[in-house]
Amino acid sequence: MKLYILVSADAPEVIVSLKVSVHVGRYLPARRLPKGYEKAVERKINMIVYVDLIFLVNFLIDGLLLYMTARTRKIPVVWWRLLIGSGIGAIYVVFMFIPALSFLFTFIVKLCFALIMIAISFGIVSLQHFLRNMGIFYLINFVAAGGILAIHYFWQSSNEVWNGIAISQSGGITHELRFGLIFISLALVTVIWFYKHVFQSAKQREELTSFFANVQIDIGMVRLSCIGLIDTGNQLYDPLTRTPVMIIEASQYEAYVPKAWMQKIRDSQVDQILAGMGQDHEQDHEMESFIWQDRLRLVPYRGINKATQFMLAIKPDRVTISHQNRCMESHKVWIGLDGGKLSSDNSYQAIIHPKLLQP
């Protein structure tokens, strides 16, 4: 079933107090309608459109999308530019209710209006800069539109979905969508908020990834591989030898460290491990069974509360770090065991001392 709609030339447009009354009747000449539909076109439909509300809603939506584009691209917001760009987008929507301007609703004209909006809102620094702004603008539009549809269907029951479905004679399926102004506003704000936080999180993750490096630690016959974060603020040294200390989660060596020691490491009571030697027979036995007992050292450091604490450190044979097509090997380094989680999402398990990256 096909529907032909065209506003007749003799139907006047009445604009009073920003309220447009569009009379739709005698849509097309009978020779262009399917056979048997000649009488159907004699009906007249009255549709009232409030231009001020349509303009205001689209002005706010376009402004929000342009603002999010600027935030995503980290472009300084020039408010008068943004307002003009939003106004152009809102005016274009109003044009669809003027029959004489129906030629504007083609792909080329739509693209031109979008280009004008981006050019006015953000300027044209270079072609690459302009195209990136355009791409992000359309990406945010697609995310917002898809998010609104998703929220709409999420709240609909199965009966509401089926009531909006129609099957044409040719076998095609159409679905009627009805969105209220309040729903669109709430859904758009929700989608934009979600997009902002997800995008920023992904951006931060991408920036952080550039500081990740592959770490390989060799201690005797044991080889451990993990991901390390290059921390330029890590200035932890062994005070006696001025050897840099690379921090690693103690759980990485849980299979080799006695359980009682692991508990003291987690409780930040490392000094009690060595203090109890010779006094606790069970601890002495654990010490004798520890394969790296001749590689241990306590490294003092200042905690968050500024109090001096100790970290149990192990002397490795070799530490190899691979970062950005570079491979650095160091023998003069201590491995400090931390009892907590260095990363909440387990994206890295070690903190690399910046001196280990120096040739």
Side-chain angles (χ1 to χ4, degrees), residues 200-259 261-268 270-271 273-274 290-304 306 308-359:
Q200 286 183 345
S201 177
K203 189 77 173 177
Q204 292 173 356
R205 171 78 181 187
E206 182 181 355
E207 293 174 352
L208 189 63
T209 303
S210 62
F211 294 96
F212 287 167
N214 294 316
V215 178
Q216 181 178 291
I217 305 172
D218 293 301
I219 306 177
M221 300 297 293
V222 178
R223 171 171 290 182
L224 173 71
S225 297
C226 64
I227 301 297
L229 173 67
I230 302 171
D231 183 8
T232 56
N234 179 14
Q235 298 297 323
L236 184 59
Y237 290 90
D238 173 27
L240 297 178
T241 61
R242 296 301 298 170
T243 302
V245 179
M246 185 177 74
I247 303 172
I248 190 171
E249 295 176 357
S251 58
Q252 297 293 313
Y253 287 106
E254 192 167 7
Y256 307 97
V257 178
K259 292 183 178 179
W261 290 19
M262 285 295 300
Q263 188 59 46
K264 285 184 170 56
I265 292 174
R266 293 191 178 101
D267 296 339
S268 299
V270 177
D271 54 323
I273 295 177
L274 299 183
F290 185 49
I291 59 176
W292 298 327
Q293 54 181 301
D294 57 339
R295 298 173 179 264
L296 294 179
R297 177 164 294 186
L298 288 183
V299 177
Y301 71 97
R302 291 194 177 275
I304 298 177
K306 301 299 182 181
T308 300
Q309 295 177 316
F310 292 92
M311 177 177 292
L312 187 65
I314 302 175
K315 184 69 173 69
D317 295 319
R318 179 176 55 254
V319 172
T320 306
I321 301 174
S322 301
H323 179 248
Q324 295 181 349
N325 299 323
R326 295 173 57 203
C327 187
M328 292 140 288
E329 186 175 297
S330 179
H331 300 272
K332 189 179 179 181
V333 59
W334 286 95
I335 305 299
L337 302 182
D338 185 89
K341 296 288 291 184
L342 298 178
S343 171
S344 58
D345 59 355
N346 201 35
S347 56
Y348 58 91
Q349 300 80 40
I351 296 179
I352 302 172
H353 198 288
K355 192 173 182 179
L356 300 179
L357 300 177
Q358 297 177 2

- So Tyr348 and Phe212, would you call those rings parallel, tilted or perpendicular, with 30° and 60° as cut-offs? tilted
- Message: Nearest 0.5 Å, please: how far is CD in Glu249 from CG in Leu342?
- Response: 4.5 Å
- Task: Quick one: pull up CD1 in Ile352 and CD1 in Ile321 and give me the separation to the nearest 0.5 Å.
- Result: 4.5 Å
- Could you list the residues that satisfy side chain to side chain donor-acceptor pair (under 3.5 Å) with Lys341, not counting sequence neighbours? Asn346
- Item | Validation row: Ser330, Lys355 side chains within 4.5 angstrom (heavy atoms) | no
- Output for pair (Lys315 NZ, Asp294 CG), nearest 0.5 Å, gives 11.5 Å
- Note on the structure: Between Ser322 and Cys327 the two heavy atoms that sit nearest each other are OG-SG, 4.0 Å
- Note on the structure: Contacts of Thr241 meeting side chain to side chain donor-acceptor pair (under 3.5 Å) (sequence neighbours excluded), chain-then-number -> Asp238, Thr243
- Query: Do Trp261 and Leu312 have side chains that get closer than 4.5 Å, going by heavy atoms?
  - Reply: yes
- On a heavy-atom basis, the closest approach of Met311 and Gly336 is SD-CA, 3.5 Å
- Could you tell me whether His323 and Phe211 have their ring centroids closer than 6.0 angstrom? no
- Worked verdict on Val222 versus Ile217 for side chain to side chain contact (heavy atoms under 4.5 Å, CB included): CA-CA 8 Å; Val222 178; Ile217 305 172; over 6 Å; no
- From the options Ile247, Ile351, Asp231, select the one residue that forms a side-chain contact (heavy atoms from CB on, under 4.5 Å) with Leu236. Ile247
- Query: Can you tell me how far the CZ atom of Arg242 sits from the NZ atom of Lys332, to the nearest 0.5 Å?
  - Reply: 10.0 Å
- Can you see which heavy atom on Glu329 is nearest to which on Arg318, and at what distance? CD-CD, 2.9 Å
- Check the pair Leu298 / Val270 against side chain to side chain contact (heavy atoms under 4.5 Å, CB included), numbers first and verdict last. CA-CA 8 Å; Leu298 288 183; Val270 177; 3.2 Å; yes
- Which is it for Val245 and Tyr237 under the side chain to side chain contact (heavy atoms under 4.5 Å, CB included) test, yes or no, and what are the steps along the way? CA-CA 5 Å; Val245 179; Tyr237 290 90; 5.6 Å; no
- Task: Looking only at non-hydrogen atoms, find the nearest pair between Arg326 and Leu357 and report the distance.
- Result: NH2-O, 3.1 Å
- Task: Walk me through it: do Asn214 and Gln216 pass the test side chain to side chain contact (heavy atoms under 4.5 Å, CB included)?
- Result: CA-CA 7 Å; Asn214 294 316; Gln216 181 178 291; over 6 Å; no
- Item | Flag side-chain contact, heavy atom, 4.5 Å: Ile227 against Val215 | no
- Kindly compute the distance separating CD (Gln252) from CG (Leu224), expressed to the nearest 0.5 Å. 5.5 Å
- Query: How long is the span from the CE atom in Met328 to the OG1 atom in Thr320, to the nearest 0.5 Å?
  - Reply: 10.0 Å
- Item | Closest non-hydrogen atom pair between Val333 and Pro316, with its separation | O-CD, 3.0 Å
- Query: Taking only residues two or more places apart in sequence, or in another chain, which ones meet Asp317 in a salt bridge (Lys or Arg N to Asp or Glu O under 4.0 Å)?
  - Reply: Arg295
- Grab the two heavy atoms, one from Pro244 and one from Leu356, that are nearest each other, plus how far apart they are. CG-CD2, 4.0 Å
- Item | Any Met246 side-chain heavy atom under 4.5 Å of Trp334 side chain | no
